[in-house]
Structure formats: C-alpha cells, structure tokens
Protein chains: 2
Amino acid sequence: MDRPLELDDQLCFPLYAAARAVTRAYSQLLADAGLTYPQYLVLLALWSSESPLSVGELGERLHLDSGTLTPLLKRLETAGHVTRRRDPADERRVLIALTGSGEALRGVAAEIPAEVGAMVGIDVGQAEVLKGLLTTIIDRLESR
Amino acid sequence: MDRPLELDDQLCFPLYAAARAVTRAYSQLLADAGLTYPQYLVLLALWSSESPLSVGELGERLHLDSGTLTPLLKRLETAGHVTRRRDPADERRVLIALTGSGEALRGVAAEIPAEVGAMVGIDVGQAEVLKGLLTTIIDRLESR
DNA sequence: TTCAATCATATTGTGCGCAATATGATTGCG
DNA sequence: CGCAATCATATTGCGCACAATATGATTGAA
C-alpha cells in the first residue's frame with residue numbers, strides 16, 4: 001500500500017492546504033481592521049513584547065527574513081500602527097515600536113482566534129497534539 | 001492560563017511556520033529539476049490522473065483558483081512539461097496534459113517525499129494522526 | 001589605528017495566493 | 001429562435017516568501 005506520489009497520501013499537501021485555509025479564515029476576519037495575516041503575526045509579536053523589537057528579532061520569532069519584513073513593516077508604518085527608527089546604540093538595527101493605533105488593534109484582534117477556533121472545532125487536546133507535532137517538524141527542518 | 005494572543009500559544013502560527021518550512025525543504029530538493037513546490041503539486045495531480053485535467057479540476061484537487069493556476073500552468077508549458085489546449089467539446093475548458101518531459105519528472109520526484117520524511121523524522125502513526133487533524137481543519141473551513 | 005571581515009537591514013527579481021473583474025462559451029427559459 | 005443567466009478561464013492588482021545581492025555600520029586583529 002505504498003503510493004507516496006498520490007496527492008492525498010502525502011503529509012505535505014494537507015499541511016499546505018490547511019495552512020492556506022486557516023490563513024484565509026483569519027484574513028477575512030482581519031479585513032475589517034485593514035490587516036493581512038502576516039501583519040497580524042507581526043503585531044502579535046509586538047503585543048507580547050515589553051519593548052520595541054528589531055527587524056531581526058521579529059524575523060527570528062516569525063521565521064521571516066528582511067525581504068519579507070521590510071516592505072511589510074513599511075506598510076504597517078504607513079497605516080500608522082508602528083514606527084521604524086534606527087537604534088541609536090547600533091545604527092545597523094531598526095527598531096519597530098507600536099503606536100497607540102497599533103496598541104488599540106489588540107482589542108479588535110482579541111476575538112479572532114476564538115472565532116477561527118469555533119469554525120475549526122477541534123478540541124483542546126487535539127489542538128495540543130497538533131501543535132506539538134507541528135513544532136517538532138519546524139524544529140527538525142530549521143536545525144539544518 | 002489563558003493567553004490566546006501569545007504567538008506560540010496559538011495553533012495558527014505553528015501551522016503557518018511548519019507549512020513554510022516543509023515547502024522550503026521541498027523547494028530546495030526540487031530546484032535541481034527547475035520546479036517550484038506548487039508546480040510539483042500540479043504534476044502530482046497529473047501523474048495520478050489517467051487523462052488530462054481541466055484547469056478547474058486541478059483547482060478543485062489543489063484548492064487553488066485560476067488566478068494562481070493560469071500563470072503557473074503557462075510556466076510549466078514554457079518549460080515543456082505540459083500542454084494547454086481548449087477542450088473541443090466545450091471551448092470554455094482548457095485541458096492540461098503531460099508531455100514526455102512532464103512524465104519523466106515523475107522519476108526525479110519519486111525520491112523527494114522520503115527525503116523530506118527523513119528530515120522531519122516523525123513516525124508513520126504520528127503522520128497519520130497529523131494528516132487526519134489537518135484534513136479535518138480543511139474540511140471544516142472549506143465547507144462554509 | 002586601520003581596514004578586512006562580519007553584521008543588520010534594504011533592494012531586486014521571481015513566483016505564488018487570492019479577491020475582484022473581464023471575456024468568451026454554453027445553457028436554458030420564454 | 002433569441003437572449004439572459006451561468007459557467008470556465010483569463011487578467012489585474014496587491015501582498016507576501018525567499019534567494020541573491022547591495023549598502024552601510026560595527027568589530028577585531030595586525
């Protein structure tokens with residue numbers, strides 16, 4: 001029963017399709033706030049941080065590089081949700097800080113995870129199992 | 001212990017990051033063949049099919065729309081791996097067929113899933129659990 | 001101190017994803 | 001039959017992802 005080249009028999013395709021489906025669900029809920037899903041992830045990271053984060057620190061947390069983050073952060077800046085300034089202590093670094101507007105979005109976003117969770121409707125235990133397996137995959141592939 | 005707005009406490013972020021990590025792993029192995037990961041998925045669908053598939057049928061299987069597929073298929077056509085022709089029986093449809101070159105790639109691609117599987121290193125049982133949960137998520141989100 | 005190596009971010013180029021819209025073919029109702 | 005609604009694909013526009021490269025700041029060894 002070995003059909004590794006069937007679309008539905010591989011792990012990679014459900015993973016790819018599920019990630020897009022979840023991103024799409026988030027995107028629709030985030031559209032009201034004028035945010036994209038990756039922009040929401042950047043804000044999540046900033047909301048969790050006591051102080052501004054550099055582009056590199058955001059990249060580490062989100063596993064994204066400057067080619068993705070630089071234009072995304074400029075759009076968030078244009079929208080008024082963050083500020084970008086060189087770190088005076090190290091002019092190579094660019095520090096990203098939340099504005100009042102960026103802070104305020106936290107309230108709007110607070111309901112969204114539960115809404116998507118309700119759509120998906122898997123229980124907490126299964127979600128933990130899933131998260132554990134996904135984290136294992138990330139760690140294994142990223143440590144090479 | 002309710003911190004829904006922490007990056008690592010949500011399911012969506014590991015899902016997003018794992019899908020990108022797996023896509024990246026595949027992309028590196030596919031680069032030799034000059035293929036991208038979505039192009040590989042299209043070929044997977046065609047390799048599994050007895051006869052040519054229309055753009056719409058490919059879109060159903062891959063959960064992608066014509067905005068993504070049309071340019072991708074034109075690139076596969078330019079590379080010589082598929083042909084695109086109107087269905088004589090219904091001129092609205094465009095049929096995608098494998099060429100000899102496209103068929104030949106099946107041999108090159110055959111090793112790749114096992115290689116990525118070895119990198120990820122989760123056992124078959126866990127992979128089945130994961131696939132089941134991901135499929136549930138896809139079904140729930142797509143049926144709305 | 002100097003300057004080559006390293007580091008952090010930015011830029012460029014290509015290929016997705018996807019919403020919105022356009023175009024042309026087909027169908028079916030009156 | 002005639003034509004409006006529907007259908008399949010294509011086009012447009014925007015925002016990621018990411019590899020490759022460029023730019024400018026910092027560091028450290030001679």
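These numbers come from a predicted model, not from an experiment. Per chain, numbering begins at 1; letters A, B, ... match sequence-line order.
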(message) Distance check needed: D:dC18 P versus B:L30 CG, whole Å only.
(response) 15 Å

(message) D:dC16, OP1 or OP2 - any side-chain N/O from A:T36 closer than 4.0 Å?
(response) yes

(request) Mind checking side chain to side chain contact (heavy atoms under 4.5 Å, CB included) for B:A79 and listing every partner two or more places apart, or none if nothing turns up? (result) B:H81

(message) I'd like to check B:P38 versus B:L72 (side-chain heavy atoms, cut-off strictly below 4.5 Å). Are they in contact?
(response) yes

(request) Please name all residues satisfying side chain to side chain contact (heavy atoms under 4.5 Å, CB included) with B:R86, sequence neighbours left out, ordered by chain then number. (result) B:E91, B:V94

(message) Which is more 5' along DNA chain D, the nucleotide nearest B:Q28 or the one nearest A:R75? Just name the residue.
(response) A:R75

(message) Applying salt bridge (Lys or Arg N to Asp or Glu O under 4.0 Å), can you list everything that pairs with A:R20, at least two apart in sequence or on another chain?
(response) none

(request) Provide the start and end nucleotides, 5' to 3', of the part of DNA chain C that has atoms under 4.0 Å from heavy atoms of chain A. (result) C:dC7 to C:dA19

(message) Both A:A21 and B:D87 contact DNA chain C. Taking the nearest nucleotide for each, which residue is further toward the 5' end?
(response) A:A21

(request) Using ring-ring contact (aromatic ring centres under 6.0 Å, His included) as the criterion, list what pairs up with B:Y16, not counting sequence neighbours. (result) A:Y37

(message) Just the rounded figure in Å: distance from P of D:dA17 to CZ of B:F13.
(response) 11 Å

(message) Going by side chain to side chain contact (heavy atoms under 4.5 Å, CB included), name the residues that satisfy it together with A:E77, two or more places apart in sequence or in a different chain.
(response) A:V82, A:R84

(message) Let me spell it out: for each of A:R20 and A:S54, pick the nucleotide of DNA chain C with the closest heavy atom. Which residue's pick is nearer the 5' end?
(response) A:S54

(message) Just the rounded figure in Å: distance from P of D:dG15 to CZ of A:R24.
(response) 19 Å

(request) Apply side chain to side chain contact (heavy atoms under 4.5 Å, CB included) to B:A97 and list each qualifying residue two or more places apart in sequence or on a separate chain. (result) B:P52, B:T83

(message) Below 4.0 angstrom, which residues in residues 57-74 of chain A have at least one non-hydrogen atom near DNA chain C?
(response) A:S66, A:G67, A:T70, A:K74

Enumerate donor-acceptor pairs with a distance under 3.5 Å from any side-chain N or O in residues 111-129 of chain B to protein atoms, sequence neighbours excluded.
from	atom 1	to	atom 2	distance (Å)
B:D123	OD1	B:G125	N	3.0
B:D123	OD1	B:Q126	N	2.8

